[in-house]
> 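Handing you a structure now.
Naming: A, B, ... by sequence-line order, numbering from 1 per chain.
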2 protein chains.
Amino acid sequence: MNDVRPIRAKSGTNHEGTSAHNRRVMIDALRINGALSRADLARATRLTKQTVSNIIEELERDGLVSSQEAVRKGRGQPSTPYRLVPEGAFAIGLQIDRHVTRAVAVDLVGNVLVRDEAGLPAGGPSEGTKVILDLVAGVRAELAGIVQQSEKRLVGLGAAMPGPFGVAGSGDDPWMMEAWQKFPLLETLTAGTGLDVGLQNDAAAAATAERMVGAAHGLDHAVCLFVGYGIGAGLILNGELYRGANGNAGEIGMALLFADGKSTPLEHRASLASLYQYLSIDPADPDLHAHINDLASRGDPGIDTWIEAAAADLRWSIHLVETVFDPQTVILCGSAPEALVNRLIAAIGPLLPSIAERRGRTLPRLQPGMADPWSVALGAAAGPISRAFDPHFAAILKDSL
Amino acid sequence: MNDVRPIRAKSGTNHEGTSAHNRRVMIDALRINGALSRADLARATRLTKQTVSNIIEELERDGLVSSQEAVRKGRGQPSTPYRLVPEGAFAIGLQIDRHVTRAVAVDLVGNVLVRDEAGLPAGGPSEGTKVILDLVAGVRAELAGIVQQSEKRLVGLGAAMPGPFGVAGSGDDPWMMEAWQKFPLLETLTAGTGLDVGLQNDAAAAATAERMVGAAHGLDHAVCLFVGYGIGAGLILNGELYRGANGNAGEIGMALLFADGKSTPLEHRASLASLYQYLSIDPADPDLHAHINDLASRGDPGIDTWIEAAAADLRWSIHLVETVFDPQTVILCGSAPEALVNRLIAAIGPLLPSIAERRGRTLPRLQPGMADPWSVALGAAAGPISRAFDPHFAAILKDSL
DNA sequence: GTAATAAGTCAAGACATTTGACTTAATAAG
DNA sequence: CTTATTAAGTCAAATGTCTTGACTTATTAC
């Protein structure tokens, strides 16, 4: 008869939470606006000059910001702008895809300093784990060779792979990566690297990358449609990546479309996997990327038919995410070859009518994002950077300190 | 050559933000768990006993919590539980629908103390404003008659009406309420009542109600599908209502479906408006609600056909929001008559496969919510209560204090 | 040359949480 | 029945972070 009913409550906060938040707000302001003086920061954050001075001094000691030359701008003492120091922090990003794994080392402002990739053997996680850990170790070592003390400033390892996670399996759908999705990847990577490890799906990683250095920079509401082996949406809501209750938010590739009397997941119609199937190409081919890029740029008739069909599905997907999320803009990105993404964007227009057609819009409804095979790894690395330095609710709470 | 580039930054915080957050966390904990002792609160919020004591004392002075009889539960001094005092705060909720407007007065825990409705004349906002302000004034006066000092504890007026807001109009679609959507409602209500006024769409209001007193109570990720004159989704993401960049998130009634070679908004297929059209009923009929309830409960063959078709669209809508948002549960609610909602729920099953089929699910994928013509007004009132008392990021920041 | 303006510092003060010892009140054990 | 143990809650001093208001520094405008 013991009372085991757990009490659920949000965590409180204290002085540490306050100052942690204010530090993050400073960093965020410098990231969005570029270099700013203490007085600028005080006005923008509504903190006092004195508080800003204290925090800036501390950030400078920590090597996260540094002063630039004073600038005169009219009457009054010249201001000293401060900027983010790229070498202030680093993170490793890891992409696990069907046949390849890629790792990058990224700095505080999103520069990619090291990149490396390796083929993934067919044996699944039991075979692949060693390849991945070796790859990460290599990138880490190379970073240490470029930057002194990089290990001390390494905030974590972000991993990205196609989702969804934890779903009651549909058997062994070849479109999914079930073996990897069920594998205890977080635990394995944590044990194998000793780093703080995070995991997200590839669309979420792409969105994180777009927010740090791409088209979503400084936006609080954006949806990144990510065309990779599958298709997914990375969601920036209220300035943060939205993960859903189980980390599977935005898995629109699993959405069923009804046409010709049967239902098909969007992923089977508009994704690289569908293109490979349509063209009967082996997705394990190492020259795949260049090959597809070539076909797309010279307008191969075979691929053109697929582009038309996929563009129609994407047009509808854009309409849908606009309707459901009401974002400031939609960004089309992918690990697809750039020529293909450009062809798709050209074929998508004009967009379907939606609530995004507002009086006084400033941003385009659709913008091209990164179309780079490395963007997912970059976004994966951006995850730990964001967790460590961006302002967000959870960072204030005591249970995060 | 002046530098007018505005500096964008999040606001910092200070002691006031800290304590404001901690107060809200206490209230939230009491709302979710019922009465709790100071020691319970200290453990749950990770604050010290002393801090909790100080805050509880303050909340008690403010009339928001009160102690209950001490309870003995084993060794140690008996604990004194504290509970939320319903009369600690009030809010007015206002629903503006096509042909009717409803207002309620609600207390801190979501009890409806006063309710009243009025028909809306056809002349649009210029005619309707007076009716609405009279209705609100009447409810307010009646509340003041029931509760002493109610005006002092009135935290605001929440208004709800069908969206979307601010969209470049498509002419005069009879399915929408364009005249009202373009009308400066916030300003008018603020001027006419002197209260702090908020505005949201009806689905968002329904979701707010479900979160305060309904099926979403205590959930952090839930989607409420709201079947009213139109259809929309109210989004509870990370424990807060999500509004989107322009307050139009969740307007899935505007989503275009492609079937039989033409595109139709979901709203034209699964909504009360579509039912009225299907049955050739005048939506201004004051006995509408009872009439539809009657038809639905006795299984009228005419309505059954519509129910089948609408259920198919709802089944797909549920699949879609599960796929896109990855919520803990989906709640079907509406201002539709209860018998109709129950018939719809029965007709919807079984659900389509989706990523919501997880190992170890505890909540059902689909749950019935409120089907009550007053739920939107209740949710509208819950908005100001939530803004004033629920923990959320914005409440910590200096620019909200 | 002087006044006005703005950046930034200094030192004291204010505020909310924390710490650790203490009080109170109950049950469990011998 | 007495004593030890456990847990709730209080007291007073300490701590940490932001704020306040006066002051210094550096530049331009008149």
> Less than 4.0 Å between a side-chain N and a carboxylate O, is that true for R387(A) and D390(A)?
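Not counted as a salt bridge, because no side-chain N and carboxylate O are separated by less than 4.0 Å.
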
> Identify, between T80(B) and G76(B), the residue whose nearest nucleotide on DNA chain D lies closer to the 5' end.
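It is G76(B), whose closest nucleotide lies nearer the 5' terminus.
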
> State plainly whether the residues R153(B) and E87(B) are in salt-bridge range, i.e. N to O under 4.0 Å.
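Salt bridge flag = no for E87(B) with R153(B).
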
> Any luck finding a side-chain donor-acceptor pair between S53(B) and R38(B) under 3.5 Å?
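Indeed, the side chains of S53(B) and R38(B) share at least one donor-acceptor pair under 3.5 Å.
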
> Can you see which heavy atom on A89(B) is nearest to which on V155(B), and at what distance?
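Minimum heavy-atom separation between A89(B) and V155(B): CB-CG1, 4.2 Å.
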
> Can a salt bridge be assigned to the pair E16(A) and K398(A) using a cut-off of 4.0 Å between side-chain N and carboxylate O?
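Result for this pair is no, no salt bridge flagged.
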
> For the pair made of NE2 in H21(A) and P in dA16(C), what is the distance, rounded to whole Å?
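Checked: the NE2 to P distance equals 17 Å.
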
> Restricting to ring-ring contact (aromatic ring centres under 6.0 Å, His included), what partner residues turn up for H15(B), sequence neighbours left out?
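ring-ring contact (aromatic ring centres under 6.0 Å, His included) check on H15(B) returns H15(A).
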
> If only atom types and distance count, is the side chain of D107(A) paired as donor or acceptor with the main-chain N or O of V109(A) below 3.5 Å?
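Indeed, once roles are kept as given, a pair shorter than 3.5 Å links the two residues.
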
> Tell me whether the side-chain N/O atoms of R72(B) come closer than 4.0 Å to OP1 or OP2 in dA8(D).
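Checking R72(B) against dA8(D): no side-chain N or O falls below 4.0 Å of OP1 or OP2.
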
> How many Å lie between CD on E60(B) and P on dG9(D), as a whole number?
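Atom-to-atom, E60(B) to dG9(D), this comes out as 12 Å.
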
> Over how many whole Å does the gap from L36(A) atom CG to dG8(C) atom C1' extend?
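Going from L36(A) (CG) to dG8(C) (C1'), I get 16 Å.
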
> Which nucleotide wins on minimum distance to the side chain of Q77(B), given the candidates dA8(D), dT9(C), dA26(C)?
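Selected nucleotide: dA8(D).
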
> Quick check on dA6(C): is either OP1 or OP2 less than 4.0 Å from any side-chain nitrogen or oxygen of S79(A)?
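Result: no.
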
> Could you write out each protein N or O paired with an N or O of nucleotides 28-30 of chain C at a distance under 3.5 Å?
from, atom 1, to, atom 2, distance (Å)
dA28(C), O4', R75(B), NE, 3.2
dA28(C), O4', R75(B), NH2, 2.4

> Is R8(A) reaching over with its side chain to a backbone N or O of G218(B), donor-acceptor style, under 3.5 angstrom?
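Between the backbone of G218(B) and the side chain of R8(A) there is a qualifying donor-acceptor contact (under 3.5 Å).
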
> Output the rounded distance in Å from CG (L41(B)) to P (dA8(D)).
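Going from CG in L41(B) over to P in dA8(D) covers 12 Å.
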
> Given dA26(D), dG8(C), dT10(D), identify the nucleotide with an atom nearest to the side chain of S53(A).
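The closest nucleotide is dG8(C).
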
> Write down the partner of dA7(D) under the Watson-Crick or G-U wobble criteria, each distance required to be under 3.5 Å.
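Paired with dT24(C).
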
> Centre-to-centre under 6.0 Å for F325(A) and Y242(A), is that the case here?
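Not under 6.0 Å, so no.
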
> In whole angstroms, how far is the C1' atom of dA8(D) from the CD1 atom of I56(B)?
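After rounding, the gap between these two atoms is 14 Å.
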
> OP1, OP2 of dA7(C) versus side-chain N and O of R43(A): anything below 4.0 Å?
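So the side chain of R43(A) is within the cut-off, an N or O lying under 4.0 Å from OP1 or OP2 of dA7(C).
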
> Protein-nucleotides 17-22 of chain D N/O pairs closer than 3.5 Å?
from, atom 1, to, atom 2, distance (Å)
dT17(D), O2, H15(B), NE2, 2.6
dC18(D), OP1, N22(A), ND2, 2.7
dT19(D), OP1, N14(B), ND2, 3.2
dT19(D), OP1, K398(B), NZ, 2.5
dT19(D), OP2, T48(A), N, 3.4
dT19(D), OP2, T48(A), OG1, 3.4
dT19(D), OP2, T51(A), OG1, 3.3

> Take the protein atom CZ of R23(B) and the nucleotide atom P of dC15(C), then report the distance between them rounded to whole Å.
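In whole Å, dC15(C) P and R23(B) CZ are 14 Å from each other.
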
